[in-house]
Number of protein chains: 2
Amino acid sequence: MDRFRAIEAFARVVEFGGFARAAERLGISTSAISRLVADLEAHLESRLINRTTRRLSLTEAGQSFYERSVPLLLDLEEAESSVRASAVSPKGTLRLSCGVTFGEHFLAPAICEFSALHPQLVFDLDLSDRPVDLVEEGFDLAIRIGVIVHQGLVARRIGWTYPMCCASPAWLRRHGTPRTPEELGSHDILTYTLMPLPNVWRFESAQGTRHEIRVTTRHRANSGRVLTALATSGLAVVIEPDFIVAPELRSGALVRVLADYTLARSPISAVYPSRRHLSAKVRTFVDFLAEYATRTLHTTAA
Amino acid sequence: MDRFRAIEAFARVVEFGGFARAAERLGISTSAISRLVADLEAHLESRLINRTTRRLSLTEAGQSFYERSVPLLLDLEEAESSVRASAVSPKGTLRLSCGVTFGEHFLAPAICEFSALHPQLVFDLDLSDRPVDLVEEGFDLAIRIGVIVHQGLVARRIGWTYPMCCASPAWLRRHGTPRTPEELGSHDILTYTLMPLPNVWRFESAQGTRHEIRVTTRHRANSGRVLTALATSGLAVVIEPDFIVAPELRSGALVRVLADYTLARSPISAVYPSRRHLSAKVRTFVDFLAEYATRTLHTTAA
DNA sequence: TCTAATTATTGCATAAATCACAACAATCTT
DNA sequence: AAGATTGTTGTGATTTATGCAATAATTAGA
């Protein structure tokens with residue numbers, strides 16, 4: 001027996017003063033109502049409604065049960081619709097995980113702009129370069145750079161990052177400007193600790209010729225900003241995603257080298273646990289990120 | 001879909017931390033549980049539980065729905081069992097267990113008033129903050145604050161407690177008055193040892209925005225009066241249920257801060273071993289408590 | 001008092017939902 | 001690397017619910 005439907009049927013019978021009217025209101029037959037109420041009475045081991053064919057009256061138990069159960073039904077409806085509303089309009093807290101540098105450079109302004117559009121939504125942003133378990137740590141969403149390997153998760157690409165070779169003007173004066181990727185091999189390259197295929201970079205020229213070079217790396221760090229700072233001080237050349245070095249390129253603290261050659265771009269992905277019943281806050285924010293990325297990324301450094 | 005069973009299944013999955021364990025507890029197969037929860041999610045158009053085969057975590061929607069629906073289920077159980085019970089005059093001895101502070105502040109005057117109405121009933125009151133086993137120690141009734149997790153017991157909510165942020169005037173002079181929950185994070189907060197989610201408090205402003213803050217806690221105690229005394233002496237801010245700090249707030253020894261923000265209220269529940277054959281003394285006293293609570297609670301401190 | 005009208009209940013055949021088993025997929029542990 | 005654990009998904013059998021129609025019961029009106 002569906003107790004909620006039974007209670008609802010009982011309540012409607014009370015409110016409309018009859019089984020037939022309640023049945024019509026609920027869109028079911030009178031026999032169904034009759035059985036629902038009878039089952040409820042059997043379940044409660046008490047008669048709730050004294051019925052003569054002509055007139056209904058509540059028993060004392062029925063009166064008390066009606067008064068107590070109706071508010072509960074309303075509360076439940078309220079709880080359910082509240083959950084549904086949060087599935088439609090974005091509100092609540094969005095727990096978000098992403099890498100430190102990407103978060104500081106790209107996500108922070110994005111969240112600022114999004115937050116103005118949706119003030120009800122509160123962000124809980126966790127910047128970390130360690131691998132995180134979305135489900136276990138209760139994240140709604142993570143932004144990842146590179147190919148996603150994790151199973152059971154949904155990844156939606158929201159943009160690309162383009163690795164770029166950059167050097168400071170001082171460095172260029174001292175070492176000269178490399179014209180081909182091969183010339184880089186003799187110089188120090190700063191590179192991110194977690195980069196795939198350490199020390200091997202595949203350049204492709206505008207004409208389509210490929211240059212695979214193995215670079216010698218003295219300094220490493222797992223912070224993009226540290227690498228940028230080292231490069232700016234003239235220590236070495238740095239290969240980093242465009243969004244990290246964009247400010248230095250704009251200010252002239254760093255200059256792009258080998259601009260005629262491209263390196264393999266990496267996808268920027270929004271990753272979330274499941275596409276089924278994707279909550280509005282996640283869906284709306286990911287939609288916004290995709291739009292924001294196409295609007296703001298690569299406009300200064302490309 | 002039987003919404004009642006679906007919600008119950010969902011709640012059990014949350015409480016037991018797994019579909020399989022919940023299925024065993026409810027005496028049905030895991031596939032039934034899986035479908036029940038899936039149907040509920042479809043009904044609510046929201047994912048409630050993020051699941052990996054190995055680990056579960058509640059979504060925000062799931063968390064909120066759990067918190068709202070579980071008390072409703074308990075209330076409904078109570079309403080049903082109340083109907084089943086027959087009305088007899090209460091007499092005999094009522095063995096009653098509750099927390100020390102709540103007993104001193106709330107229960108003592110309630111028992112005084114009830115005792116005048118039912119002189120045949122003798123109370124045996126045991127104040128203690130340790131967890132008690134109702135059945136083993138032969139209690140008829142316990143009053144608990146917070147969500148009831150114990151199985152096989154019936155809980156009927158008789159009121160709410162509202163956590164409040166309070167500080168002494170001296171403390172406020174020394175540290176200034178915090179205007180937002182975030183400002184609290186830098187201060188010492190006194191908190192009860194048994195509080196859920198230690199050190200994390202969710203504030204909600206009148207506008208509905210949520211502020212989840214992690215407070216630094218140096219001092220802890222499992223006595224509400226001790227905390228109140230420490231706060232009154234100006235040691236730190238205290239977050240405690242309204243009924244504990246009400247006297248200090250009335251006398252001005254403590255002042256409420258962040259009054260514009262609300263913290264999640266906790267249910268005050270009457271808990272008893274079995275809903276079958278609920279004795280008249282228990283039922284009558286619980287009915288009285290519910291009425292007494294709505295009449296007397298929150299009239300001074302709200 | 002009798003009849004007609006209205007209303008709840010019940011029997012029955014059909015339709016729908018549910019369940020457990022099992023195969024499966026994903027993940028964690030040893 | 002393999003086994004163990006856990007959640008999901010088909011599938012057929014069982015259970016349950018539903019609507020229709022017949023039935024029983026009560027009251028208003030003649």
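Every chain is numbered from 1, with letters handed out A, B, ... down the list of sequences.
Residues meeting the salt bridge (charged side-chain N to carboxylate O under 4.0 Å, His left out) test with B/E204, sequence neighbours left out: B/R210. With sequence neighbours excluded, no residue forms a ring-ring contact (aromatic ring centres under 6.0 Å, His included) with A/F19.
Salt bridge status for B/E80 with A/R3: present, with a side-chain N to carboxylate O gap under 4.0 Å. The existence of a salt bridge linking A/R95 and A/E137 is excluded, since no basic side-chain nitrogen approaches an acidic carboxylate oxygen closer than 4.0 Å. Under the 4.0 Å criterion applied to side-chain N and carboxylate O atoms, B/E24 and B/R21 are not assigned as salt-bridge partners.
Relative ring orientation between B/F4 and A/F4 is described as tilted, the plane-to-plane angle lying within the 30° to 60° band. In this pair, B/Y66 and B/F10 present their aromatic rings perpendicular. The plane angle is above 60°, beyond the 30 to 60° band.
End-to-end axis angle of the helix from C/dT1-D/dA30 to C/dT30-D/dA1, using five pairs per end and rounding to 10°, comes to 30°.
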Protein-to-nucleotide contact annotation, 5' to 3' order, nucleotides 4-12 of chain D [B base; S sugar-phosphate only; - none; under 4.0 Å, heavy atom]: -BBSBBBB-
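Looking at every heavy atom in both residues, A/A293 comes nearest to A/I158 through CB-O, 3.2 Å.
Listed by residue number, the members of residues 1-12 of chain A with any heavy atom below 4.0 angstrom from DNA chain C form an empty set.
Between B/R157 and B/L74, every side-chain heavy-atom pair lies at or beyond the 4.5 Å cut-off.
Going from atom CG of B/L36 over to atom P of C/dC19 covers 6 Å, rounded to whole Å. When rounded to the nearest whole Å, the span between CD1 of A/I28 and C1' of C/dA16 equals 15 Å.
The stretch residues 31-41 of chain B participates, sequence neighbours left out, in these side-chain hydrogen bond (donor to acceptor under 3.5 Å, both in side chains) pairs: B/S29-B/S31, B/E41-B/R51.
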